[in-house]
Amino acid sequence: MVVMPASAKAVTAAAHALRAGELVAFPTETVYGLGADATNGQAVARIFEAKGRPRFNPLIVHVPSLAHAEKLGHVTPLARTLARAFWPGPLTLVLKRRSTSGLSDLVSAGLDSVALRVPDHPLAQALLVETDRPLAAPSANRSGHVSATQARHVSADLGDKVSMVLDGGATAHGIESTVVDASGDGAILLRPGAVPAETIEAVLGSRLTRSLDGGAHPQSPGQLASHYAPAAAIRLAASAVLPGEALLAFGPVPLATSGPAFNLSPGGDLIEAASNLFAALRWLDATQCRSIAVMPIPGDGLGEAINDRLKRAAAPRQACATVLS
Ligand code: TXA
Ligand code: MG
């Protein structure tokens, strides 16, 4: 991994790497982000692999301006008010995704929403403009570690898993952005962060709803009841496809079937499989099959997160509706 001090040349090299599907860590005003092209499913899958995340959480997508955000999500009047007050800055808005967004399904972990943020940092801004792609970027640390607020934290944690780190010195806030769901009429606080809730409430003239109170832990949006689960039942570790079933295959030797089938990765590549997972579930579900037979998928690397998600999708729906954890 290369650590590049901030310069126009470094930004150009970073933008080039991002457009080629590589990972680049960059500073924001909150923490360092582990960035990938949010329209490239395999690049997004690499984020999860590099972080060693055991499951797929939806990621924040960074854009240079409100105008860019409008192309990706449906900006409600509430969201517009918040964006005008706090962007650029450490506030993330969860909005309904536009069908034309071009974002990978993995970036939203299969949800029909997207979290958007306009960072207030000259290097992040320059990188977004030059890359000319929305950038998915969770904090640039290994899963479970504290967030990286200096370039050397990123190197220590992620080593050669990223192509490059843009070094912009220590970050200003040191904690992540505040996440607010602004997709409806009322603002819901999903994650406390660098913008205090009281400051947001002062702008809105009303209290934020705390989803934290409802038991849905903000750091685990995979637990939200709204998390996508297919209508079809899911049958794991299938060794044959039963009548009426669709097939979710993996690897070079898919099970025999005359019904609908989707191979996550004919070559047996877990990064490719991860990038296809949510789109595959949607596609198979749309065939109105009664259930989806899932071939065994190895549990190493990204396989752990893939199997975790499939296990959740296969859990009894009663339990799904309440916790999905
Ligand atoms: O300060 C920050 O926000 C840093 C810097 C790098 O910008 N980024 C960051 O990203 O923390 P990330 O991807 O780790 O944030 C994920 C959090 C989730 O825990 C969840 O609270 C929220 O963003 N989130 C993302 N997408 C969501 C969605 N579709 N629905 C609800 N919450 C979502
Ligand atoms: Mg983090």
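Fair warning: this is a prediction, and the values are worked out from it, not measured in the lab. No hydrogens, no waters, no symmetry mates; every other heavy atom, side chains included, goes into these values. Both ligands and their constituent atoms are indexed starting at 1 by order of listing.
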(message) As a quick check of understanding, evaluate salt bridge (Lys or Arg N to Asp or Glu O under 4.0 Å) for R53 and D308, giving each step before the final call.
(response) CA-CA 11 Å; R53 277 210 179 166; D308 169 84; over 6 Å; no
(request) Scan N141, N57, D157 and name whichever one has a side-chain contact (heavy atoms from CB on, under 4.5 Å) with K51. (result)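 For K51, the side-chain contact (heavy atoms from CB on, under 4.5 Å) test succeeds with only one of N141, N57, D157, which is N141.
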Ignoring hydrogens, just give me the one of [options] whose non-hydrogen atom is nearest [atom].
atom                    : options         : result
atom 9 (C) of ligand 1  : V31, I60, T30   : I60
atom 24 (N) of ligand 1 : A25, A124, A115 : A115
atom 16 (C) of ligand 1 : S143, A194, P58 : P58

Numbered atoms of ligand 1 (with element) below 4.0 Å of [X], judged on heavy atoms:
X    : result
G33  : 6 (C)
L190 : 31 (C), 32 (N)
R53  : 14 (O)
R191 : 2 (C), 3 (O), 9 (C), 11 (O), 15 (O), 17 (C)

(request) Give the minimum heavy-atom separation between R19 and T131, together with the two atoms involved. (result)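 Minimum heavy-atom contact is NH1-O, 2.7 Å.
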(message) Tell me whether L93 shares a hydrophobic cluster with V118, the cluster being built from Ile, Leu, Val, Met, Phe, Trp, Tyr side chains joined at under 4.5 Å.
(response)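 The answer is yes; both residues are in one hydrophobic cluster.
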(request) Is it possible for you to say whether F250 and V241 belong to one hydrophobic cluster, with membership spreading through side-chain heavy-atom contacts below 4.5 Å? (result)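 Cluster IDs for F250 and V241 differ.
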Take every heavy atom of [X], measure it against each atom of ligand 1, and state whether any distance is under 4.0 Å.
X    : answer
P90  : no
N57  : no
H173 : no
H121 : no

(message) Is it true that S275 and R46 share a donor-acceptor pair across their side chains at a distance under 3.5 Å?
(response)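 There is no such pair between these side chains.
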Using distance alone, decide if ligand 1 has a nitrogen or oxygen within less than 3.5 Å of any nitrogen or oxygen in [X].
X    : value
A137 : yes
S108 : no
S113 : yes
E176 : no

(request) Would you please test E29 and R117 for salt bridge (Lys or Arg N to Asp or Glu O under 4.0 Å) and show each step? (result) CA-CA 12 Å; E29 76 278 34; R117 138 163 159 77; 3.0 Å; yes
(request) Flag yes if more than 12 heavy atoms outside H16 fall under 6.0 Å of its NE2 atom; otherwise flag no. (result)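 No - once you tally the heavy atoms of other residues, nucleotides and ligands closer than 6.0 Å, there are 12 at most.
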(message) I'd like to know if the side chain of T76 and the backbone of A182 have a donor-acceptor N/O pair within less than 3.5 Å.
(response)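 Judged by distance alone, yes, a pair lies under 3.5 Å.
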(request) Taking only Lys NZ, Arg NE, NH1 and NH2, and the carboxylate oxygens of Asp or Glu, determine whether R282 and D112 approach each other closer than 4.0 Å. (result)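 A salt bridge is absent here (no side-chain N lies under 4.0 Å from a carboxylate O).
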